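Each chain gets a letter, A, B and so on, in the order its sequence line appears, and its residues count up from 1. Remember, predicted model here, so these are calculated numbers, not experimental data.
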There are 2 protein chains.
Amino acid sequence: MSDEKLQEAIHTLKDSGVRITPQRHAVLEFLLNSMTHPTADEIYKALENKFPNMSVATVYNNLRVFKEIGLVRELTYGDSSSRFDCNTTDHYHVICESCGKIVDFHYPSLNEVESLAEKVTEFDVSHHRMEIYGTCSHCQASMAH
Amino acid sequence: MSDEKLQEAIHTLKDSGVRITPQRHAVLEFLLNSMTHPTADEIYKALENKFPNMSVATVYNNLRVFKEIGLVRELTYGDSSSRFDCNTTDHYHVICESCGKIVDFHYPSLNEVESLAEKVTEFDVSHHRMEIYGTCSHCQASMAH
DNA sequence: TACACTAATTATAAAGATTATTATTTAATA
DNA sequence: TATTAAATAATAATCTTTATAATTAGTGTA
């Protein structure tokens, strides 16, 4: 299923002259299969069984490469570390302020906002980001106690 | 003009039992008068003439206090450090990807998005954030060369 | 105005995330 | 298989933010 995406991503990388190393492959595979939006450290920890000698720098290096190629997006929220999202289709995120869970949320892209901003500010607008904050149902239940 | 806002803010602080120290006053005044959205370090550097002995921790402490009282908002973008905004009225930001300039942008709040997200994800939504990215007119002109 | 109480400040260390450096290893290609 | 440039590992360094502890200083009260 997501194996197809993986092959496609590897193809994209090779086309850009990027070598496919076992570590790189593993980071990419983990990202594609993860539905959460992991931090660099989470990726590092998830792969340390498979690659006991892997360096954190390798994770960061690969994430940078993937970003440059356009395979992943970096998400920066209020908390300390960045998160990485391999779903590059247009979607927004809903974030739980209590547990940090991030849920994808599909909504028609706010083109109107972009065009108005362009008019008002004279910026050449390239994109926008939006996040919605709240409490997930699980945490709501916990709080009820 | 903004002196009125300052007095009001000081009143709010006092009501919450927060002491008005010279450093705290200076950080608050600087924030209220700044139209940019400064980082903690920028505030620190701006005030080091007036307070040569002030500690960075003091800046952070005060920003935390102001945040808790609701006088300022913390903005976290892609770059390394947080920015602080004393304009707590509802508005969005347009950010220049070339020079980092941040411009306020007024747009009716996207309540519809919030309510749909609430329905779809079963979150108890509290708020949202949105930023628009692009190139400011100044940087557009520079690039034309 | 002086006093006492407690919060705020300073200085410093520490933590945590990310980037830089350099020697070593290795994937891809001929 | 040999070559070569790119990737990795190990480590140090940087940068932002928070924690700690001792000192200083607001603010209400007598």
Interatomic distance where CZ belongs to F51(A) and P belongs to dT25(C) [whole Å]
18 Å

E42(A) CD to dT18(C) P, in whole Å, measures 11 Å

What is the separation between atom CG on L63(A) and atom P on dA7(D), rounded to the nearest whole Å?
14 Å

Which nucleotide, dA11(C), dT17(D), dA9(D), lies nearest any side-chain atom of S55(B)?
dA11(C)

Calculate the interatomic distance between R64(B) atom CZ and dA7(C) atom C1'; express it in whole Å.
12 Å

Assign D41(A) to base, sugar-phosphate, or nothing according to its heavy-atom contacts below 4.0 angstrom with the strands shown.
nothing

Hey, mind stepping through E8(B) and L6(B) against side chain to side chain contact (heavy atoms under 4.5 Å, CB included) and telling me if it holds?
CA-CA 5 Å; E8(B) 196 184 315; L6(B) 180 60; over 6 Å; no

Verify the contact: side-chain N or O of S80(B) to OP1 or OP2 of dC15(D), cut-off strictly under 4.0 Å; return yes or no.
no

Determine the contact category for T39(A): base if any of its heavy atoms lies under 4.0 Å from a base atom, sugar-phosphate if only primed atoms, P, OP1 or OP2 are that close, otherwise nothing.
nothing

d(CG, N62(B); P, dT17(D)) in whole Å:
15 Å

Spacing between N61(B) atom CG and dA8(C) atom C1', to the nearest angstrom
8 Å

Rounded off to whole Å, could you give me the CG-to-P distance for the N53(A) and dA23(C) pair?
20 Å

Please check: side-chain N/O of S16(B) versus main-chain N/O of V18(B), any donor-acceptor pairing under 3.5 Å?
no

R83(B) backbone acceptor or donor facing E74(B) side chain under 3.5 Å
no

Contact class for S81(B) (heavy atom, under 4.0 Å): base, sugar-phosphate, or nothing?
sugar-phosphate

So if I take residues 9-31 of chain B and measure heavy-atom distances to DNA chain D, which residues fall below 4.0 Å?
R19(B), I20(B), P22(B)

Between R129(A) and Y92(A) (side chain of the first, backbone of the second, donor and acceptor by atom type, cut-off under 3.5 Å), is there such a pair?
no

Output yes when a side-chain donor or acceptor of S109(B) lies under 3.5 Å from a complementary backbone atom of N111(B), and no otherwise.
no

Under a 4.0 Å threshold between the charged nitrogen and the carboxylate oxygen, would K50(A) count as salt-bridged to E48(A)?
no

Please check: side-chain N/O of T58(B) versus main-chain N/O of M54(B), any donor-acceptor pairing under 3.5 Å?
no

Looking only at the side chain of A57(A) (C-beta and beyond, no hydrogens), which of the listed nucleotides dT9(C), dA17(C), dT11(D) gets closest?
dT11(D)

Between dT17(D) and S82(B), is there an OP1 or OP2 to side-chain N/O distance shorter than 4.0 Å?
yes

Write down the distance between OH (Y60(B)) and C1' (dT12(C)), rounded to a whole number of angstrom.
16 Å

